[in-house]
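This report refers to the structure that appears directly beneath it.
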2 protein chains.
Amino acid sequence: MSINNLDPTDTAILQLLQHNAELSNKEISYKLHKSIATIHERVKRLKEQGYIKRIVAILDRKKIDRSLIAFSHVLLNDHTAATLDAFEQEVVKFTEVMECFQMTGTFDFILRIATSDMEAYRLFYRNKLATLPNITTVQSFFVLSETKSETAYPL
Amino acid sequence: MSINNLDPTDTAILQLLQHNAELSNKEISYKLHKSIATIHERVKRLKEQGYIKRIVAILDRKKIDRSLIAFSHVLLNDHTAATLDAFEQEVVKFTEVMECFQMTGTFDFILRIATSDMEAYRLFYRNKLATLPNITTVQSFFVLSETKSETAYPL
DNA sequence: GTTGAAAGACCTAGTGA
DNA sequence: TCACTAGGTCTTTCAAC
């Protein structure tokens, strides 16, 4: 449940793999002054126990035509479980929706939307998001520039 | 520059690796009905050309004591280049700041903050974020639940 | 751009310390 | 946890198509 299950070696391994999962067990063992067998065992356990959810390739979104990122704040008509569930169930199906969080505060959801450009966002908004039932308001904010974008948590 | 440089094989490789970068060239070659050498060559090129920025381990943030995610909207006093640059330069140093985007609209930056709990967020806010110069307002929104969180862009 | 083959590196499980 | 072993798999290169 907690980070307290992890000793300094586990933590160091996670730290390394968060930044570069192409490191071989051999390279990690060298960096951490441990045997290959130890690293192999640790990594296997960290995956089995779910600390490492998956290993993925991070792409340059500008090179694959996803230059525009928008954050959209969605407010629903009512907050019954049925309405919330129905919205979540539908919105996650849209491929433009990279993330969906239910929030505290003055609105219900934050969506992170990735599209090629403003026109593509407009089409997404008109033809997909705005067609969902029970939406009161959608407020959209657009990313001008990305100052920091990190997938690795400090440990 | 564009996705148009990519043929269907490249696209398929990126699609696979975005979801699971542990796939071997052999497994990919089997899935795509190509030779191992071809896949090897393609992946190498996709990395060299920057389509694949890096391969990383995605951790379960709740297991490593980063249960609370906040989105913070920051408005600065003025919008001179010097003020914007100074803010960016300092805010990215905070390890709690996972992402920082400069935005269009009614505020200047969106930060995604990861902390262990509300008390840790309070400390971050009081001792780090609020100490930066030229901040007019900070509005914070907290994640109740994560409905979707995807690193893979559709291709 | 693609292929098969071949050498070398790596992974993985097992043993014993 | 470590060192060592050994079989199997994967990576990487290259000549050839």
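Each chain gets a letter, A, B and so on, in the order its sequence line appears, and its residues count up from 1. Side-chain atoms are counted along with the backbone in the values below, which use heavy atoms only and exclude waters and symmetry mates.
- Taking B/Asp10 as the reference, B/Arg42, B/Arg45 meet the side chain to side chain donor-acceptor pair (under 3.5 Å) condition, with sequence neighbours excluded.
- Between B/Lys47 atom NZ and D/dT12 atom C1' the separation is 12 Å, expressed in whole Å.
- A search for salt bridge (charged side-chain N to carboxylate O under 4.0 Å, His left out) contacts involving B/Lys128 returns B/Glu96, not counting sequence neighbours.
- Aromatic ring pairs are classed by plane angle as parallel below 30°, tilted from 30° to 60° and perpendicular above 60°; the pair A/Phe141 and B/His73 is perpendicular.
- Distance CD (A/Glu27) to C1' (D/dT11): 13 Å, rounded to an integer number of Å.
- Residue A/Asn25 contributes atom CG, which lies 14 Å from atom C1' of D/dC10 at whole-angstrom precision.
- Counting only N and O atoms by type, the side chains of B/Tyr125 and B/Ser72 include no donor and acceptor under 3.5 Å apart.
- Counting only N and O atoms by type, the side chains of A/Ser116 and A/Tyr121 include no donor and acceptor under 3.5 Å apart.
- At a non-hydrogen distance threshold of 4.0 Å, A/His40, A/Lys44 from residues 28-46 of chain A come into contact with DNA chain C.
- Nucleotides of DNA chain C that come within less than 4.0 Å of any heavy atom of chain A span, from the 5' end to the 3' end, C/dC10 to C/dA13.
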Should A/Phe142 and A/Phe71 be marked as a ring pair (Phe, Tyr, Trp, His ring centres under 6.0 Å) after you check the CA-CA gap, both sets of side-chain angles, and the distance that decides it?
CA-CA 6 Å; A/Phe142 297 95; A/Phe71 286 92; over 10 Å; no
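- Residue pairs meeting the salt bridge (Lys or Arg N to Asp or Glu O under 4.0 Å) criterion with at least one member in residues 68-91 of chain B, sequence neighbours excluded, are B/Glu90-B/Lys93.
- Sorted by first then second residue, the salt bridge (Lys or Arg N to Asp or Glu O under 4.0 Å) pairs that include residues 104-122 of chain A, not counting sequence neighbours, are A/Glu99-A/Arg112, A/Arg112-B/Glu99, A/Glu119-A/Arg122.
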